[in-house]
> 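Right, I'll just put the structure down here and ask away after.
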Amino acid sequence: MDALTTIERDEREAYLTRTPASRALHDRAREVMPGGDTRTGTFHAPYPLFIADGAGCHLTDADGHRYLDTLYNFTSLLHGHAFPPVLEAIARQAARGTVHGTANALQVEMAETLGARVPSVERLRFCNSGTEATMGAIRAARAFTDRPAIMKMAGGYHGSHDPVAIAMSAAETGRPPGVTANTAADVVVGRFNDLTDTTTLIRDHRDRLAAVIVEPMLGSGALVAERAFLDGLRQVTRDCGVLLILDEVITFRLGVGGLQQAFGVTPDLTSFGKIVGGGLPVGAFGGRADVMATFDPSRRGAIAHSGTYNGNATTLAAGLATLARFGEADVAAVNAGGEALRARLNAVIAQSGASAVVTGYGSLMQLHLTAAPVTRPDEGARADLRWVKLMHLALANRGVFSSTRQLYVLPTVITAVELDAFVAAFTEALGVVVAAQAAAAATAAVL
Ligand SMILES: Cc1ncc(COP(=O)(O)O)c(C=O)c1O
């Protein structure tokens, strides 16, 4: 490993000095959780911030420092933290029982709401995470087609169950630990935004492929699917009798009917999560009535799919309160805010001379510390993680909470004050990265 520059050491030191309470909690956590962690995607060195409170666009850590949030629990808090109408809906429902152990009217209301927004969803089932949603959709596709294999894209993230753990990042080509060779053999890995290559693979495996699962914009990297790629996938899957699953766990917030509506693509099945739960754990999946009939309990040989908290009343009350405040005008406003922010960040990059680009769509975007253009995950994977980590730490030291991989999210409640504060901190943090890169290059030149 390259020796750290003084700049990197200073940022790390500043983080350690600022966050003794997080450090103490992490030390305790290490005694009871492996590595002190329970969520790989939010872990980072030397230890993550421990958060005590969230309100609106801000978080407060265990040391009492206030941060501008740019992540909102990985896109799920559409209206920011502790949004009063959502809190009221949760409190109202909790007073009537959080979960009752049988059907409730809110399930029907949410299924109707999602079906009205996303016409491809004729029938829907609830679960408790996006992971379970993609698992359920894949199971339905296998049961319906009686074929074993699926295709996913390299760099596509669909949660943490076994088949979709394969090629989770474009840089990972091996079999992940704990995933069996049999499971891996039933996963065909396609190339996002490469229609020729992916079409050939689908045709080659047409007899054993149950489904292709793809995000209309890769959440990992905020890389938008080219229309021709999605249209081509729709065409070839239909030709081959393979189901198309659009994973809209993240992208549902980008259009009233998700990105499938914005892009005019009609999948066979769709998976949901995140904003649908209004900040509580949730998942849902649905689509064609004939495919979803594989779950119909009145049919012989139906798929048994249960879950203690499936369709629980509290989650659905929070989700309905969230979606009730997310109509056409709200979606357009937050997406326009995101487009404007992305343009500002790219202008900062151009001025700084950094080799970087911010990609994305509407209210979701990601910084890539590598030369533009970045349209496919393998191009994003060129970025040296060393600088991404420095950017993350430099932002934290300047009062901005961000994801380790620099995905930035806008909630509906953000104002010009927060946006200006973020651009100012981003400008400073990027300056730190550019200076550290120059120092590292100078050292390398001397050696
Ligand atoms: C596109 C996509 N699918 C599935 C998932 C898994 O959702 P969950 O974390 O709720 O299991 C995620 C989570 O980030 C996601 O982004």
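Only a predicted model underlies this, so the values are computations on that prediction, with no experimental measurement involved. Note: hydrogens, waters and symmetry copies are ignored here, and every other heavy atom, side chains too, is used. In each ligand, atom 1 is the first atom listed, and ligand 1 is the first ligand listed.
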> Does Y157 come within less than 4.0 angstrom of ligand 1, counting non-hydrogen atoms of the residue?
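Yes.
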> Considering all protein heavy atoms, does one lie under 4.0 Å from atom 9 (O) of ligand 1?
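Not a single protein heavy atom is under 4.0 Å away.
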> Which residues satisfy the side chain to side chain donor-acceptor pair (under 3.5 Å) test with T131, sequence neighbours excluded?
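If we apply the side chain to side chain donor-acceptor pair (under 3.5 Å) test to T131, skipping adjacent residues, there are no hits.
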> Check ligand 1 against G159 and write out every atom of the ligand that is under 4.0 Å from a heavy-atom position of the residue.
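Under 4.0 Å from G159, ligand 1 has these atoms: 4 (C), 5 (C), 6 (C).
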> Going by heavy atoms, is E248 under 4.0 Å from ligand 1?
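Per 4.0 Å heavy-atom rule, E248 does not contact ligand 1.
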> Does a salt bridge link R234 with D268, judged by any charged N lying under 4.0 Å from a carboxylate O?
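A salt bridge is present here (some side-chain N lies under 4.0 Å from a carboxylate O).
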> Should we count CZ of R325 as having more than 12 external heavy atoms under 6.0 Å?
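Buried by this count: over 12 neighbours within 6.0 Å.
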> Does the pair D296/R123 count as a salt bridge with the N-to-O cut at 4.0 Å?
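No, D296 and R123 are not salt-bridged.
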> Should you measure from each heavy atom of G130, which atoms of ligand 1 turn up under 4.0 Å away?
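The atoms of ligand 1 under 4.0 Å from a heavy atom of G130 are 6 (C), 7 (O), 8 (P), 10 (O), 11 (O).
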> With no hydrogens and no angle check, do the side chains of T134 and H161 hold a donor and an acceptor under 3.5 Å apart?
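Note: T134 and H161 side chains meet the donor-acceptor criterion.
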> Could you tell me, atom by atom, which parts of ligand 1 come under 4.0 Å of a heavy atom of S129?
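This gives 10 (O), 11 (O) as the contact atoms.
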> With heavy-atom distances below 4.0 Å as the criterion, list the atoms of ligand 1 near I250.
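Those qualifying, in numeric order: 16 (O).
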> With a cut-off of 4.0 Å, which atoms of ligand 1 are near a heavy atom of E215?
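Here the atoms of ligand 1 in question are 1 (C).
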> Backbone, side chain, both or neither: what part of K274 comes under 4.0 angstrom of ligand 1, heavy atoms only?
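The part of K274 near ligand 1 is the side chain, not the backbone.
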> Could you give all pairs that pass the side-chain hydrogen bond (donor to acceptor under 3.5 Å, both in side chains) test and reach residues 139-150, with sequence neighbours left out?
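Those involving residues 139-150 do not exist here.
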> Ignoring hydrogens, just give me the one of T251, T131, D247 whose non-hydrogen atom is nearest atom 6 (C) of ligand 1.
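Considering heavy atoms of T251, T131, D247, the nearest to atom 6 (C) of ligand 1 sits in T131.
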> Do L367 and Y408 have side-chain heavy atoms sitting under 4.5 Å apart?
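With C-beta onward as the side chain, the pair touches.
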> Give the intermediate values and the outcome of side-chain contact (heavy atoms from CB on, under 4.5 Å) for residues L369 and D384.
CA-CA 7 Å; L369 285 168; D384 186 339; over 6 Å; no
> To check your reading of the model: name the closest protein heavy atom to atom 4 (C) of ligand 1, its residue, and the distance in Å.
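Ranking protein heavy atoms by distance from atom 4 (C) of ligand 1, first comes H158 C, 3.4 Å.
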